[in-house]
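A, B, ... follow the sequence lines: proteins, then strands. Residue 1 opens every chain.
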Amino acid sequence: MPELPEAETLRRSLEPALLGRTVERVTVRRRDVIVAPGDPAGGFSRQRADTKPVRFPRELLLAHGRIESLTRHGKQLAITDHRGHAVIVHLGMTGSVTCAASPKHPPHTHVTWQLDDGSTLRFADARRFGLLRLAPDGPAEHWARLGPDALTIRAAALHGQLTDTLRPIKAAMLDQHVLAGVGNIYADEALHAAAIHPARIAASLHCDEARALARAVRRVLSAAISQGGSTIRDYRDGSGRPGSFQSRHRVYGRAGLPCLACGSALERCLLAQRTTVFCPNCQPSPRTAAPA
DNA sequence: CTGGTCTCCTGATCGC
DNA sequence: TGCGATCAGGAGACCA
């Protein structure tokens, strides 16, 4: 499931193929993966029968635009053209963006862009948790609602984001308005690396713990990017290549197996509706832990 | 306002 | 070998 490292790997792999290209034609095969200005917020509400999709000019989907930049904040990728129109890609769980000369669409392709060099950019998403958000004035306004980017998070900024919430630290880390880019996999990995129990109340973290956590988040995400991300099910970069970081996971997906640091059996619990794996020895449950 | 739960979706995997 | 049940989870809606 794509998180920040997968989005960044995708950005880097697509950038050389897309910069300077002009979009000749856009084809929408499924309207309901697009959130246009004026549409309800997206996600779940897209599916409601009582909401009618708003019409929008194809220019907002980059038609006849020349692609000028690919930027990322957290897990989201923005493709912006020379007019300043942006399409913000949310990959969700199974979303993918590929650029290829092949005329064959991958399964579940919902939107395609014909480029002026004969290649085709495609957005596909089997499970449709992903979406394309149209941002006529660029991604800045939408991204201002998100927390700081996790790849460069500083201890002071992280601590500041956590001091006023009584939620478990893991729930806070998964909230994109608190910290942008961390999902279930890397939350577990970073908490283990920082030796912090996932159920600790966020506001109870001390300065040195926030420092350790910020460093762990940056390190885990950087390491994952250097491995091309984690391919858990079907993640691929812009050229269709899988990542390999999944073999480096130290806790995610390893419940019941020995902790690679101390040998204790890793435990599983549910936090924020997410499967959570941690080491009961390396990440001791403190008095300030929330009930799991 | 805050935090917890529900819901969208379907491929992969498991148990019989 | 086949098939129904279960699991996975990003994030907005919804509710106490």
Calculate the interatomic distance between [X] atom [atom1] and [N] atom [atom2]; express it in whole Å.
X	N	atom1	atom2	answer
D39(A)	dG12(C)	CG	C1'	14 Å
H177(A)	dG12(C)	NE2	C1'	8 Å
R167(A)	dG4(B)	CZ	P	7 Å
Q176(A)	dG12(C)	CD	P	9 Å
I88(A)	dA11(C)	CD1	P	13 Å
I185(A)	dC7(C)	CD1	P	19 Å
R30(A)	dC8(B)	CZ	P	14 Å
M173(A)	dA11(C)	CE	P	14 Å

Would you say [X] places a side-chain N or O within less than 4.0 Å of OP1 or OP2 belonging to [N]?
X	N	value
T165(A)	dG3(B)	yes
T94(A)	dT10(B)	no
H90(A)	dG12(C)	no
R127(A)	dG11(B)	no
H108(A)	dC9(B)	no
Y252(A)	dG9(C)	yes

Which of these, R268(A), E267(A), K170(A), sits in a side chain to side chain donor-acceptor pair (under 3.5 Å) with T276(A)?
->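 Testing T276(A) for a side chain to side chain donor-acceptor pair (under 3.5 Å) against R268(A), E267(A), K170(A) leaves exactly one candidate, K170(A).
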Pick base, sugar-phosphate or nothing for R268(A), based on heavy-atom distances below 4.0 Å to the nucleic acid.
->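 The answer is sugar-phosphate, as R268(A) gets under 4.0 Å only of primed atoms, P, OP1 or OP2.
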Could you check which of [options] has an atom nearest any side-chain atom of [X]?
X	options	answer
T275(A)	dG11(B), dA8(C), dG10(C)	dA8(C)
L166(A)	dA11(C), dG3(B), dG11(B)	dG3(B)
F129(A)	dA11(C), dG11(B), dC9(B)	dC9(B)
R128(A)	dG9(C), dT10(B), dC6(B)	dT10(B)

Distance flag, aromatic centroids of H197(A) and F278(A), threshold under 6.0 Å = yes
Distance col, row L70(A):CG vs T80(A):OG1, nearest 0.5 angstrom, shows 8.0 Å
R200(A)-S204(A) side chain donor-acceptor pair, cut-off 3.5 Å = yes
Does the side chain of H142(A) pick up a donor-acceptor pair with the side chain of R133(A) at under 3.5 Å?
-> yes
Toward the 5' end of DNA chain B, by each residue's nearest nucleotide, R274(A) or A171(A) = A171(A)
